[in-house]
Amino acid sequence: MSGTILHLRSELGKALEHRSALTPKTTKALIDAGYTVNVERSPERIFDDSEFEAVGATLVPENTWREAPTDHIIIGLKELPVEEFPLKHVHVQFAHCYKQQGGWEKVLSRFPRGGGTLLDLEFLTDDKNRRVAAFGYHAGFAGAALALETWAWQLTHPASEPFPSVSSYPNEDALIVDVKKAIAAGKEKTGKDPRVLVIGALGRCGSGAVDLCLRAGVPTENVLKWDMAETAKGGPFPEIVESDIFVNCIYLMSKIPNFVDMKSLDTPDRKLSVICDVSADTTNPNNPIPVYTVATTFNEPTVPVEVKGEPRLSVISIDHLPSLLPREASEAFSKDLLPSLLSLKEWRTHPVWSKAEKLFQEKVATLPKDSL
């Protein structure tokens, strides 16, 4: 079969989402391989519409995926806007509904009700069960950057002034310049570097967080790198509370002991002032950081935790952190995803996609009958 048509939708409705599942470079590779690629115009996407047009894509109006023929494959990143109408296409995207997150039934049931299929990007794995592509590195990188800036902000501003809104950066180097300035301002107040504890440090996400800390000048001995070996005994962990910053980078699969909770925060030994929950399992009932319930945004990056004494404590729980570095994050993700994208014309039989369809059918089978 040739001539498969892919439709890249805009990320309509997701504030400050500048990333893209396809880049001009990967779009060209798909077109060269015989695919037709329709690209919705987007004022938010980090890549200009003209960059896609220059490589042979067909530009179409924003939000036209709804009316596209049913054999077109719809490609996006973040979850669709919350609506009720049934979904009739094959959708390649992150849907955030397989772990029974809040409202998962409404999200997932739209696919079987319309005869559509979800091929969730979070669960695309190769024959060794490794994810074929993920934004984890840049999520950790951006999360650690905002955590360090928040730590410095708290030291240099009164509690009545929450950490301000943030916007995307053109590249990693520009972000690091700002983080270094923030750390210097914080050190002027404390006379010492922050102590950062990263859990999940051996994964993509954790390695991004560690790299940011080191590139921003945090001494190696002040960056505690924890993974499964260190957390095997089960929390809550006093080492978190005794650090200035905690960056959570784990991939949560099931219920585990809490890393930190309100009781463990109630101690005179607490130095912790910033939690960056890069994993952002905010509505997951198994979230091991049950000290907050609000997903934060680039417009309002932090939410306060009601704790006794000083320092004050803020949580960052932004669920699209890589959008802080949208061009680099998109290019890295789309490059890794490209080999699988090139096999989309055979999605029913290709191992990566057929496994994703099988998982979709298994999750659909768990839906309450009244949601279908």
Side-chain angles (χ1 to χ4, degrees), residues 1-14 17-24 26-27 29-31 33-47 49 52-53 55-98 104 106-124 132-133 135 320 330 333-334 337-338 340-348 350 352-361 363-364:
M1 175 184 174
S2 61
T4 302
I5 299 176
L6 309 179
H7 185 117
L8 179 67
R9 61 175 171 82
S10 71
E11 300 296 322
L12 191 69
K14 189 68 176 180
E17 179 54 87
H18 304 307
R19 293 174 297 167
S20 178
L22 301 183
T23 67
T26 54
T27 296
L30 288 162
I31 292 170
Y35 289 87
T36 296
V37 183
N38 295 335
V39 175
E40 291 188 5
R41 296 179 182 275
S42 172
E44 290 292 320
R45 192 183 293 125
I46 189 63
F47 304 100
D49 295 341
F52 287 100
E53 194 169 35
V55 299
T58 301
L59 295 181
V60 297
E62 196 169 20
N63 211 30
T64 51
W65 63 267
R66 302 163 182 249
E67 294 81 37
T70 55
D71 62 343
H72 291 200
I73 298 175
I74 313 302
I75 298 178
L77 276 183
K78 298 302 290 184
E79 64 275 14
L80 294 166
V82 179
E83 294 175 292
E84 295 292 333
F85 68 89
L87 299 170
K88 60 187 179 180
H89 298 91
V90 172
H91 285 259
V92 177
Q93 64 171 79
F94 292 96
H96 306 296
C97 64
Y98 281 2
W104 72 277
K106 291 182 178 179
V107 174
L108 184 56
S109 66
R110 295 177 68 190
F111 294 93
R113 285 195 288 115
T117 301
L118 169 63
L119 303 175
D120 198 306
L121 289 168
E122 184 178 354
F123 299 92
L124 296 186
V132 300
F135 280 102
H320 60 124
S330 296
F333 178 83
S334 198
L337 187 62
L338 181 60
S340 300
L341 291 171
L342 287 167
S343 63
L344 263 175
K345 62 183 68 173
E346 301 146 357
W347 70 268
R348 291 187 182 278
H350 188 273
V352 168
W353 300 111
S354 60
K355 275 200 300 181
E357 184 193 14
K358 182 174 182 288
L359 179 61
F360 165 70
Q361 298 295 352
K363 296 297 182 181
V364 166

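For reference, positions follow the sequence shown, starting with 1.
- Note that CG of L344 is 4.5 Å distant from CH2 of W353, once rounded to the nearest 0.5 Å.
- The nearest pair of heavy atoms linking N63 to R66 is ND2-NE, 3.1 Å.
- The backbone N or O of E40 sits less than 3.5 Å from a side-chain atom of R45, completing a donor-acceptor pair.
- Considering CG of L87 and CD1 of I74, their distance stands at 10.0 Å, rounded to 0.5 Å.
- Between V39 and the choices I75, L8, T58, the side chain to side chain contact (heavy atoms under 4.5 Å, CB included) rule is met once, by L8.
- Side-chain atoms of L341 and L22, non-hydrogen and from C-beta on, do get closer than 4.5 Å to each other.
- Although no hydrogens or angles enter the test, the distance criterion places a donor-acceptor pair under 3.5 Å between the side chain of K363 and the main chain of Y98.
- Listed here is the closest heavy atom pair of L12 and P81: O-CG, 3.6 Å.
- Of the possible polar contacts, one joining the Y35 side chain to the K345 backbone as a donor-acceptor pair under 3.5 Å is found.
- Between H350 atom NE2 and S340 atom OG the span is 6.0 Å, to the nearest 0.5 Å.
- With hydrogens and angles ignored, the 3.5 Å screen pairs no side-chain donor or acceptor of H320 with any backbone N or O of R19.
- The aromatic rings of F333 and F94 are tilted relative to each other, their planes meeting at an angle between 30° and 60°.
- Of all the heavy atoms in W347 and V90, the pair that sits closest is CZ2-CG2, 3.5 Å.
- Going from atom OG of S334 over to atom CG of L30 covers 7.5 Å, rounded to the nearest 0.5 Å.
- Of all the heavy atoms in P112 and F360, the pair that sits closest is CD-CZ, 4.3 Å.
- Below 30°, between 30° and 60°, or above 60°: for F52 and F47 the angle between ring planes is above 60°, a perpendicular geometry.
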Item to check | side chain to side chain contact (heavy atoms under 4.5 Å, CB included) between V352 and S343, intermediate numbers included | outcome: CA-CA 9 Å; V352 168; S343 63; 5.8 Å; no

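- Taking CG of N38 as the reference point, atom NE2 of H7 lies at 6.5 Å (rounded to 0.5 Å).
- The CD atom of E84 sits 7.5 Å away from the CZ atom of R110 when rounded to the nearest 0.5 Å.
- Looking only at distances, a side-chain donor or acceptor of H89 sits under 3.5 Å from a matching main-chain atom of P69.
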Next on the checklist: Please evaluate residues L108 and V364 with respect to the criterion side chain to side chain contact (heavy atoms under 4.5 Å, CB included), reporting the C-alpha separation (whole Å), side-chain torsions for both, the decisive distance (0.1 Å), and the verdict.
Outcome noted: CA-CA 7 Å; L108 184 56; V364 166; 4.2 Å; yes

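- Between the side chain of D120 and the backbone N or O of A95 there is at least one donor-acceptor pair closer than 3.5 Å.
- Of the N and O atoms on the side chains of H96 and K78, at least one donor lies less than 3.5 Å from an acceptor on the other residue.
- With H18 contributing its side chain and E44 its backbone, the two residues share a donor-acceptor pair below 3.5 Å.
- Shortest non-hydrogen contact noted between A21 and G76 is CB-O, 3.8 Å.
- The shortest heavy-atom contact between I31 and A57 is CD1-N, 3.5 Å.
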Next on the checklist: Show, in sequence, the C-alpha distance, side-chain angles and deciding distance for L119 and I73, and conclude whether the side chain to side chain contact (heavy atoms under 4.5 Å, CB included) test is met.
Outcome noted: CA-CA 10 Å; L119 303 175; I73 298 175; 5.9 Å; no

Next on the checklist: Under the criterion salt bridge (charged side-chain N to carboxylate O under 4.0 Å, His left out), I'd like the reasoning laid out for R9 against E11: C-alpha separation, chi angles, the key distance, then a yes or no.
Outcome noted: CA-CA 6 Å; R9 61 175 171 82; E11 300 296 322; 3.6 Å; yes

Item to check | Worked check of side chain to side chain contact (heavy atoms under 4.5 Å, CB included) between V92 and L6 | outcome: CA-CA 10 Å; V92 177; L6 309 179; over 6 Å; no

